[in-house]
Amino acid sequence: MNSASSRSRTLKAVGALSLAAATALLMTGCGQSSDSASSAATSEAAKVVPQKQTTTPSATAQLTEDQQERKTVLDATKVTFDDAATTATGEVAGSKLVDLDLEGVDDDDNQSPSPTATGSPTGSPSPTGSPSPTGTGSPSASPGADGPVWVAEVAEKDGTIHTVRINAVDGKVIEARVDADQDADDKKQTADWLAQATQTPQQAAKVATEKKKGTVTSVSLEDNEGDGVIWQVDVVGSDWKKTTFDVDAKNDTIVREETDED
């Protein structure tokens, strides 16, 4: 009786040990399977998720040719439109500004036609896109050896036009001369336009730059298709795109706006 009881206790103990060993083995196998699945999932995710970019394209590389030309000229320009206008009118006593352009910025663009079909109140080619007074041909799209240049046209009370070239780096006058190819009709037309323009080019430039933040590169007095006169203002923004504003020269309202995407 004692011998049978002893064997029964022994068998129970062996069974319990076997069960514990099996359970431990099962748990170990499950852990390995879980770790393997997690590792495989991580490996697959690494293949799908792209590596983070550590470099960005250059802002300059994204510019168009026209935008790069504007940037090149404006980076070298130190004299503002306002200062150039003051210098130009100060060169000819009693004169008023009728045109001011920064050479090398959109020189090939076509301006709104004037009644003389020349783009200039004088009846002669305007400085923009025309041979320079020095006879060297159309200005380069980049600053010359002496830097960028403002080219102004100022008119006396009788409409006589003077061309004034100003160094856009130091503000010094390079040249001032009377336009020789004006006739009586040209002078009368210029005087009439100025009489209609009750708002100054500086006021028109302020209206334009309040609408679009940027640098004024051109202001020109133009005919508004027979409906009075306008100040045509070019503004280059921080994106180096040019926006042209036609500003009514009597009430400073914007009558047209166009942005050059190039």
Would you say [X]'s side chain and [Y]'s backbone share a donor-acceptor pair under 3.5 angstrom?
X    : Y    : answer
D101 : E103 : no
T209 : K212 : no
R70  : W240 : yes

Which heavy atom of [X] sits nearest a heavy atom of [Y], and at what distance?
X    : Y    : answer
D223 : W193 : CB-CZ2, 3.6 Å
D99  : S220 : OD2-OG, 2.8 Å
A84  : V79  : N-CG1, 3.9 Å

Legend entry - Pair D158-T160, side-chain donor/acceptor within less than 3.5 Å: yes

Inset, instruction - Using distance alone, with no hydrogens and no angle criterion, decide if D234 and T217 have a side-chain donor and acceptor under 3.5 Å apart. - result: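 No donor-acceptor contact under 3.5 Å links the two side chains.
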
Inset, instruction - List in chain and number order the residues that pass salt bridge (charged side-chain N to carboxylate O under 4.0 Å, His left out) with D75, two or more places apart in sequence or in another chain; answer none if no residue qualifies. - result: K71

Legend entry - Set of residues satisfying salt bridge (charged side-chain N to carboxylate O under 4.0 Å, His left out) with respect to K188, sequence neighbours excluded: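 With sequence neighbours excluded, K188 shows a salt bridge (charged side-chain N to carboxylate O under 4.0 Å, His left out) to D192, given in chain and number order.
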
Inset, instruction - Identify, with sequence neighbours excluded, every residue that meets side-chain hydrogen bond (donor to acceptor under 3.5 Å, both in side chains) alongside T253. - result: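 Listed in chain order: N251.
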
Inset, instruction - Check the pair H162 / E153 against side-chain hydrogen bond (donor to acceptor under 3.5 Å, both in side chains), numbers first and verdict last. - result: CA-CA 6 Å; H162 297 248; E153 288 185 350; over 6 Å; no

